[in-house]
Amino acid sequence: MATDATEEPMRIAMSKDCAERNVRFELADAYALPPALGTFDAALAVFWWSHLPHSRIADFLASLRGGSSPARASC
């Protein structure tokens with residue numbers, strides 16, 4: 001699952017030539033990930049951290065925990 005709040009980064013990511021790609025791309029708000037995305041076992045938010053305001057870290061982590069598998073939800 002790859003998410004972004006805007007279409008342009010998603011178009012760039014989807015244009016990459018990855019013959020064996022097993023990725024679903026979805027527009028989503030990182031602060032309010034929709035349940036329709038399903039659950040996940042792991043998350044990677046590398047470049048996101050440099051854009052994340054300190055005042056919104058708790059909101060982001062709460063949203064992220066909302067989609068993580070209950071047995072694996074820890075931050």
Side-chain angles (χ1 to χ4, degrees):
M1 170 68 59
T3 63
D4 201 286
T6 59
E7 292 183 14
E8 183 59 22
M10 298 301 282
R11 277 196 294 271
I12 293 169
M14 291 187 306
S15 73
K16 303 296 181 185
D17 184 23
C18 298
E20 296 182 24
R21 179 178 23 201
N22 184 20
V23 178
R24 191 172 102 209
F25 295 91
E26 298 284 342
L27 290 176
D29 178 354
Y31 300 110
L33 294 173
L37 293 179
T39 60
F40 44 86
D41 295 328
L44 179 66
V46 178
F47 297 113
W48 171 244
W49 290 107
S50 64
H51 300 283
L52 183 61
H54 290 290
S55 62
R56 301 289 317 264
I57 290 174
D59 297 332
F60 169 64
L61 293 176
S63 176
L64 195 59
R65 279 193 296 269
S68 61
S69 299
R72 301 172 193 252
S74 64
C75 294

So which heavy atom on Ser63 is nearest to which on Ala30, and how close? OG-O, 3.0 Å
Gap separating the OG1 atom of Thr6 from the CG atom of Leu27, nearest 0.5 angstrom: 7.5 Å
Hydrophobic cluster membership, Leu33 vs Phe25, 4.5 Å side-chain cutoff: no
Apart from Leu44 itself, members of its ILVMFWY cluster (side-chain separation under 4.5 Å) are Val46, Phe47
Verify same cluster id: Met1, Val23 (apolar side-chain graph, 4.5 Å): no
Which atom pair, heavy atoms only, marks the closest approach of Ile12 to Ser15? O-OG, 2.7 Å
If you round to the nearest 0.5 Å, how far is OG1 of Thr39 from CG of Asp41? 7.0 Å
Taken in chain and number order and not counting sequence neighbours, the residues that satisfy ring pair (Phe, Tyr, Trp, His ring centres under 6.0 Å) with Tyr31 are Trp48
Would the number of heavy atoms belonging to other residues, nucleotides or ligands and lying under 6.0 Å from CD of Glu7 be above 12? no
Is any side-chain heavy atom of Leu37 closer than 4.5 Å to a side-chain heavy atom of Arg24? yes
Separation of Asp29 CG from Asp59 CG (nearest 0.5 Å): 10.0 Å
